[in-house]
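Computed from a predicted structure; not experimentally measured.
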Number of protein chains: 2
Amino acid sequence: MEKQQNLSKNQKIIFDLIDKSPEPLKAYSILFNVQKKGINAPLQVYRALDKLVEIGKIHKIESRNAFIACQNSSCQISKATAFSICESCEKVSEISNTKLSKYLSNFADEAGMKYSKYNLEFFGLCKKCKSK
Amino acid sequence: MEKQQNLSKNQKIIFDLIDKSPEPLKAYSILFNVQKKGINAPLQVYRALDKLVEIGKIHKIESRNAFIACQNSSCQISKATAFSICESCEKVSEISNTKLSKYLSNFADEAGMKYSKYNLEFFGLCKKCKSK
DNA sequence: TTGCAAATGTTATATTATTACATAGTGTTA
DNA sequence: TAACACTATGTAATAATATAACATTTGCAA
Ligand SMILES: [Zn+2]
Ligand SMILES: [Zn+2]
Ligand SMILES: [Zn+2]
Ligand SMILES: [Zn+2]
């Protein structure tokens with residue numbers, strides 16, 4: 001949502017597409033959508049996705065093999081991500097809850113081990129689907 | 001680790017393999033390993049995996065597309081899973097921490113929405129790898 | 001013993017992701 | 001500018017992961 005000057009051409013094309021999408025996009029759906037812009041091969045998409053994930057502009061929804069733009073300006077490094085996923089309509093939102101992220105970032109297991117990174121996916125029914 | 005009477009033939013073969021493995025197994029590695037037992041097609045493996053996940057005997061490590069046996073006798077339904085993953089040696093352990101699971105099971109987002117299920121993956125270096 | 005649900009077998013195919021190798025741009029510094 | 005390192009791009013081929021479709025069999029309960 002903010003600076004993207006330093007994105008390369010392909011990275012920018014692909015980020016813009018994901019950022020405009022109301023739903024997570026899959027790699028080959030991205031590929032299909034950017035072919036008119038001269039991106040022809042899966043690898044071009046995956047390379048851009050890798051970079052965008054690395055710099056925190058997008059996140060991968062692991063359980064869906066899909067990508068969404070970061071909705072939380074503060075998680076530039078994407079080391080601490082949490083999402084809510086509707087199992088009916090597949091709507092996905094990034095959760096930015098300070099208490100939750102503090103709790104998880106400070107979590108230490110029985111052995112006292114702390115972790116440098118986490119990804120949390122919540123599943124349920126979104127408001128809309130619940131009321132149906 | 002406990003009852004498995006009601007597993008079918010293929011389910012049992014595949015569960016036993018996963019349960020004995022010190023590391024998460026991928027579907028096609030499972031397939032390769034059970035071909036001598038007469039399981040020849042990917043679909044036979046995926047069907048057993050789906051069922052085993054459904055009944056909570058195994059869990060899928062989403063970020064790795066791999067499967068491990070449930071190490072936590074209490075999570076029969078696999079609606080609340082947490083794992084620690086070593087980014088160096090790829091060792092994976094299931095975390096069973098009552099506080100954590102209570103915290104997450106009761107978590108409600110800004111809109112007050114609660115979730116019926118979650119999956120959490122922590123990443124870092126395991127003890128062994130850290131001391132290298 | 002009929003009937004249903006779950007599981008199996010088999011083939012083909014869809015979807016997701018990477019390897020390998022060649023080329024081009026970008027910025028830094030000698 | 002020339003040399004260098006680094007990042008990004010282009011292209012082809014292929015590997016790895018997962019599902020569709022359809023026929024058959026098995027386990028078990030009414
Ligand atoms: Zn984010
Ligand atoms: Zn929904
Ligand atoms: Zn478990
Ligand atoms: Zn390790």
Just the endpoints, please: which first and last nucleotides of DNA chain D, 5' to 3', lie under 4.0 Å from a heavy atom of chain B?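 From 5' to 3', the first and last contacting nucleotides are D:dT17 to D:dA21.
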
Is [X] close enough to [N] that one of its side-chain N or O atoms is under 4.0 Å from OP1 or OP2 there?
| X | N | answer |
| --- | --- | --- |
| B:K26 | C:dA17 | no |
| A:N65 | C:dT15 | no |
| B:S8 | C:dT8 | yes |

Look at B:K117 together with A:E87 and state whether they make a salt bridge at an N to O cut-off of under 4.0 Å.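 Looking at A:E87 together with B:K117, the answer is yes, because their closest N to O distance falls below 4.0 Å.
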
ILVMFWY network linking A:L104 to B:F83, side-chain heavy atoms under 4.5 angstrom: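 They do not share one cluster, since no chain of ILVMFWY contacts under 4.5 Å joins A:L104 to B:F83.
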
Identify whether B:F107 and A:L120 are in the same connected component of the hydrophobic contact network (ILVMFWY, side-chain heavy atoms under 4.5 Å).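 B:F107 and A:L120: one cluster.
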
If you take atom types as modelled and just measure distance, does the side chain of A:Y28 reach the base of C:dA14 with a donor-acceptor pair under 3.5 Å?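 Side chain to base: no pair below 3.5 Å.
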
Using a 4.0 Å cut-off on heavy atoms, which residues in residues 34-51 of chain A reach DNA chain C? List them by number, or say none.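 Contacting residues: A:L43, A:Y46.
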
Decide yes or no for B:I39 and B:I14: does some side-chain heavy atom of the first lie under 4.5 Å from some side-chain heavy atom of the second?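 Result yes, sub-4.5 Å side-chain heavy-atom pair found.
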
Going by heavy atoms in the side chains, are B:D109 and A:L100 under 4.5 Å from each other?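 Of all side-chain heavy-atom pairs linking A:L100 with B:D109, none is under 4.5 Å.
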
Using whole Å, report how far CD1 of A:I30 lies from P of C:dT15.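 Rounding to the nearest Å, CD1 of A:I30 and P of C:dT15 are 15 Å apart.
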
Report all side-chain donor-acceptor pairs from residues 124-131 of chain A shorter than 3.5 Å, counting only partners two or more places apart or in another chain.
from, atom 1, to, atom 2, distance (Å)
A:S131, OG, A:K127, O, 3.4
A:S131, OG, A:K128, O, 2.9

With A:S21 as reference, evaluate A:L17, A:L25, A:D19, A:I18 under the side chain to side chain contact (heavy atoms under 4.5 Å, CB included) test and give the passing residue.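 Considering A:L17, A:L25, A:D19, A:I18, a side chain to side chain contact (heavy atoms under 4.5 Å, CB included) with A:S21 is found only for A:L25.
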
